[in-house]
Structures are given as structure tokens and as C-alpha cells.
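Quick caveat: nothing in here was measured; it's all calculated off a predicted structure. Ligands are counted one by one from 1 in listed order, and the atoms in each one are counted from 1 as well.
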Amino acid sequence: MLKSHPIGVFDSGFGGLTILKQIIKTLPAYDYIYLGDNARAPYGPKSFETVYQYTLEAVKWLFSQGCPLVILACNTASAKALRTIQQKDLINLDPNKRVLGVIRPTTEVIGEFTKTGQIGILGTQGTVDSNSYLIEISKSYPSIKVFQHACPAWVPLVESGDFNSKESDGLVKECIDRLLNMSPNIDTILLACTHYPLLMGKIKAQLPDNVQVVEQGDIVALSLQQYLDRHEDMKIQISASQSTSTIQFYTTGDAHEFASKATYFWGEPIDAQKVNLLSTDVLNS
Ligand code: DGL
């Protein structure tokens, strides 16, 4: 039974947990609903139209659960669906609700991390092909040089939960090497896919000392805090009516499998429930 209006956090699968974890550390007083579309991950190789349709279904479902605010904790969905949902769909779904992404908050601050002015971006094929990072970073930091590389094998690796194998070391090394070979002056690598921090140990093991790796969790959490400070109306809507906050986890995949793998990522046991987005057309639009 929901006691307030939770913040919805959406990802194609497990990756958004890396964002939710940091959001909860920064904003512990709210209620949250996490939705992973594990049954249809990965989103990275899928078309613009498919990612948009899947993301829209997820947003509608989270709205139907009472979330007035949904965070697309997924770069691929942020790159391919966010703008259309914000500009075209929200007005029909509910103009008082909001959907935010992870790309803009990241590109607004990423320039602060580099000394050489050269940043490497690792993301899904969809995120890299969208050029969203190139475009957005050039707006905030016109002099910074950006190099991108897609790592299509990394998301299936994380979703499978089987990343402690020797093969996974090779898959991680190959992408890091390819990116760093683009320029010897890259000193900052941004993990522009929320699944990738789950491979952090392996990624760091491949990096030379002069290259730092940046993940998005803290950045998105701080940006959300600032957003809520600027939007008192939203802050009031999501304020919990009781003293302890709740986190509910939903997946389109198998709930037991999600709970056991997510517990590993999350660091403590969680319960998950299965949801079928396709049969949930509650908003009738
Ligand atoms: N975690 C997502 C991202 O940040 C999507 C991964 C995928 O499903 O391919 O891009």
C-alpha cells in the first residue's frame, strides 16, 4: 500500500540501481519505485522507435503507480525517448507530472573533471550513435574534446550477472583500450551507461593511473536535489506522509531472478515484483 507519491526510477534493467542508490543517499526522505525492463534489455542496440515505445510504456506505468516524477536512469532511454516524452506525451498524460533524464545533468558538470580537456565516453551503441553527449558537452564546454566508444557486450554481461569470468576481463579491456587509443590525452572516462558502474572493479583494473573514471550516480543525485530545491511544488507532492521511506522494486522479467541478482548489486536483500507493461494501459492513451 503506497503512503505517498513516490519518485519513479526507470532503467532497461539493473543499471538504474547504480543511480537509485546514490539518489537515496542524497535524498533519503522520499519514497521510491524502481522499474527495470529486464525482459526487454538491452536497449542499446534497439531502434529509436522501439526504445521510445518501451520507455513510454514504463513512464505510463510509473505514473499509474502514483509517481509524479520519473527519472529515466538510463542513458539510452534519455537519448532516444526523453525529449519526445517531455515535449509531446506529457501534455496528454498529465501536464503536472515530470520526466527527467541523466544526460543533461552529467554534461553540465563533466568538464570540471578533466585537466587535459579531453574526455572519453563509454556508452551503448544507441547512446553513442545519438551523439547526445557530443552535442550537450559542446554546449556547456565548447573547448573540450570528446571521444566516444560503444561497448555492446557490457550490458548483456551485467544483465547475466556472470561478470566474474575471464572472458569478461577481455571484454572490458578491449573497450577501454579502443577508447584510450583514440587519444593519449584522455584523462577522464565517463561511464555513460548506468549498467557500467557494476563493472567498476574490472574497469579500474584496466586504467592507467593518470586516467580517472566518472560514474553518474552522484551527479544525477545532486542534480535531482537541486531540481527539487527549485521546484517546491514537486517537493511537496513527493514528500512522504510517514517518517520511514519505502523502496519498491519491479521488473518485467522474472521477479526471483531480479531479486537475487539485484541483491548482489544493491548490497542488501530486496524483494521484487513482476509487472507486465504491455497489459497495463491504465492511462488509456
Ligand atoms: N543502462 C542503460 C543506459 O544507461 C541501458 C543499457 C541497455 O539496455 O542497453 O544506457
Indicate, as side chain, backbone, both or neither, the part of Thr194 found under 4.0 angstrom from ligand 1 when only non-hydrogen atoms are considered.
-> both

What is the nearest protein non-hydrogen atom to atom 7 (C) of ligand 1, stated with its residue, atom name and distance?
-> Tyr43 N, 3.2 Å

Just need the protein heavy atom nearest to atom 9 (O) of ligand 1, so name the residue and atom and give the distance.
-> Gly44 N, 2.7 Å

Main-chain N/O of Gly16 paired to Tyr34 side chain as donor or acceptor, under 3.5 Å = yes

Which residue and non-hydrogen atom of the protein lie closest to atom 10 (O) of ligand 1, and at what distance in Å?
-> Thr76 OG1, 2.6 Å

Output yes when the distance from some N or O of ligand 1 to some N or O of His195 is under 3.5 Å, and no in every other case.
-> yes

What do we get for Val102 next to ligand 1 when only non-hydrogen atoms under 4.0 Å count, side chain, backbone, both or neither?
-> neither

Within a distance under 4.0 Å of any heavy atom of Thr124, pick out the atoms of ligand 1 and give their elements.
-> 6 (C), 9 (O), 10 (O)

Looking at Glu108 and Ser140, what are the two nearest heavy atoms and their distance?
-> CA-OG, 3.8 Å

Where the side chain of Asp187 meets the backbone of Thr116, is there a donor-acceptor pair that is under 3.5 Å apart?
-> yes

N/O separation below 3.5 Å, Cys193 to ligand 1 = no

Which protein non-hydrogen atom lies closest to atom 3 (C) of ligand 1, naming both residue and atom, and how far is it?
-> Asn75 N, 3.2 Å

Nearest non-hydrogen partners of Ala150 and Cys175, listed with the distance | O-SG, 4.2 Å

Residue pair Tyr250, Trp61: steps toward the ring pair (Phe, Tyr, Trp, His ring centres under 6.0 Å) verdict = CA-CA 11 Å; Tyr250 290 87; Trp61 184 80; 4.8 Å; yes

Hey, which of Val213, Ile121, Val214 is the one that makes side chain to side chain contact (heavy atoms under 4.5 Å, CB included) with Thr188?
-> Val214

With a cut-off of 4.0 Å, which atoms of ligand 1 are near a heavy atom of Ser12?
-> 5 (C), 6 (C), 7 (C), 8 (O)

Output the list of atoms in ligand 1 that are nearer than 4.0 Å to some heavy atom of Asp11, sorted by atom number.
-> 1 (N), 2 (C)

Side chains of Lys46 and Tyr54: closer than 4.5 Å at any heavy-atom pair?
-> yes

Between Tyr43 and the options Thr127, Thr124, Asp11, Asp37, the side-chain hydrogen bond (donor to acceptor under 3.5 Å, both in side chains) test singles out Asp37

